[in-house]
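Along the sequence shown, the residues carry numbers beginning at 1.
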Amino acid sequence: MLKPSILNILIFWFVKYLAFYILLMFKNNNYTLIGLSELKSGEDWFYYLWIFLFLPIVCMLIFSAPMYFLFKVKSPIYLVLIIAVILIGEYLFYTWSASQSNLMNGVYNGTISVLFLLLFFYKSITPKFR
């Protein structure tokens with residue numbers, strides 16, 4: 001369990017997307033993201049890092065501030081509303097930018113977001129519901 005600092009929120013987004021990519025690798029039976037030995041040139045590495053880091057970095061930039069604010073609210077109703085807005089926003093962004101042909105990937109992404117939110121910040125979220 002981590003304290004909800006900016007650094008920990010950024011780590012949350014990175015680790016969450018790492019888990020999401022692993023899920024998609026098994027789901028799609030496509031393991032190219034772990035084929036680092038096939039990267040030969042600087043262009044290969046740039047393309048690899050672009051594909052791998054684009055979504056986590058953009059989500060860090062867009063959703064870290066609302067997520068930080070999420071931990072500052074006292075009301076459980078506002079907490080749930082902010083989580084819902086973040087999840088809907090992430091779903092819309094992900095399906096628009098990376099998965100327009102399979103909208104269920106956005107659902108899987110949102111499910112992993114909820115699981116990792118609880119995994120990372122359970123101790124910070126649960127007292128607000130008491």
Side-chain angles (χ1 to χ4, degrees):
M1 306 297 163
L2 299 174
K3 291 187 175 196
S5 68
I6 292 292
L7 178 61
N8 290 338
I9 291 171
L10 296 176
I11 291 169
F12 158 81
W13 285 110
F14 182 76
V15 171
K16 185 209 79 104
Y17 267 96
L18 185 63
F20 180 60
Y21 290 153
I22 291 169
L23 172 78
L24 288 182
M25 280 192 304
F26 286 111
K27 177 186 166 282
N28 298 330
N29 202 21
N30 181 350
Y31 304 98
T32 55
L33 279 179
I34 56 175
L36 296 177
S37 63
E38 298 172 12
L39 302 175
K40 305 294 183 211
S41 68
E43 294 167 351
D44 292 343
W45 276 98
F46 177 78
Y47 181 72
Y48 175 82
L49 291 173
W50 176 261
I51 294 297
F52 185 73
L53 294 177
F54 175 76
L55 286 171
I57 289 174
V58 171
C59 284
M60 286 176 189
L61 293 173
I62 295 172
F63 299 114
S64 290
M67 196 163 169
Y68 185 75
F69 179 70
L70 160 83
F71 297 109
K72 300 297 183 190
V73 299
K74 304 287 186 219
S75 169
I77 294 170
Y78 290 136
L79 181 106
V80 171
L81 283 173
I82 294 170
I83 290 173
V85 167
I86 291 171
L87 287 172
I88 291 168
E90 184 186 14
Y91 174 83
L92 293 172
F93 172 73
Y94 175 76
T95 55
W96 171 78
S97 66
S99 185
Q100 292 180 2
S101 63
N102 187 351
L103 300 180
M104 279 305 293
N105 286 342
V107 174
Y108 300 142
N109 189 18
T111 303
I112 289 176
S113 293
V114 171
L115 292 174
F116 274 78
L117 185 64
L118 293 174
L119 180 71
F120 273 67
F121 303 112
Y122 181 79
K123 286 185 179 177
S124 299
I125 292 173
T126 54
K128 299 182 191 265
F129 289 99
R130 295 185 186 147

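Heavy atoms from other residues, nucleotides or ligands lying under 6.0 Å from CZ of Phe46 number 12 at most. Within a 6.0 Å sphere centred on CZ of Phe26, other residues, nucleotides and ligands contribute 12 heavy atoms or fewer. For NZ of Lys123, the number of neighbouring non-hydrogen atoms (other residues, nucleotides, ligands) closer than 6.0 Å is 12 at most.
Both Val114 and Phe120 sit in one connected hydrophobic cluster of ILVMFWY residues. Membership requires side-chain heavy atoms under 4.5 Å apart, directly or through other members. Hydrophobic cluster membership differs between Val85 and Leu61, with clusters built from Ile, Leu, Val, Met, Phe, Trp and Tyr side chains linked at under 4.5 angstrom. Hydrophobic clustering of Ile, Leu, Val, Met, Phe, Trp and Tyr side chains at less than 4.5 Å, counting indirect connections, unites Phe69 with Phe63.
Here the side chain of Tyr21 pairs a donor or acceptor atom with the backbone of Phe52 at under 3.5 angstrom. Lys128 contributes a side-chain N or O that, together with a main-chain N or O of Phe71, makes up a donor-acceptor pair within less than 3.5 Å.
Aromatic ring orientation, Phe121 versus Phe12: tilted (interplanar angle from 30° to 60°). A perpendicular orientation is assigned to the rings of Tyr94 and Phe20, their planes being inclined by more than 60° (bins at 30° and 60°).
Scanning both residues, Leu70 and Leu79, for their nearest heavy atoms gives CD1-O, 3.4 Å. Of all the heavy atoms in Ser64 and Leu10, the pair that sits closest is OG-CD2, 3.4 Å. Closest non-hydrogen pair, Phe54 versus Phe93, comes out as CE2-CZ, 4.2 Å.
In this structure, CG in Leu23 is found 12.5 Å from OH in Tyr17, a value given to the nearest 0.5 Å. Annotation: the span from Ile77 atom CD1 to Phe129 atom CZ amounts to 9.5 Å, rounded to 0.5 Å. In this structure, CG in Asn109 is found 4.5 Å from CD in Glu90, a value given to the nearest 0.5 Å. A distance of 7.0 Å separates CD1 of Ile83 from CG of Leu87, quoted to the nearest 0.5 Å.
Under the rule for a side-chain hydrogen bond (donor to acceptor under 3.5 Å, both in side chains), Lys40 has no partner lying at least two apart in sequence or in another chain.
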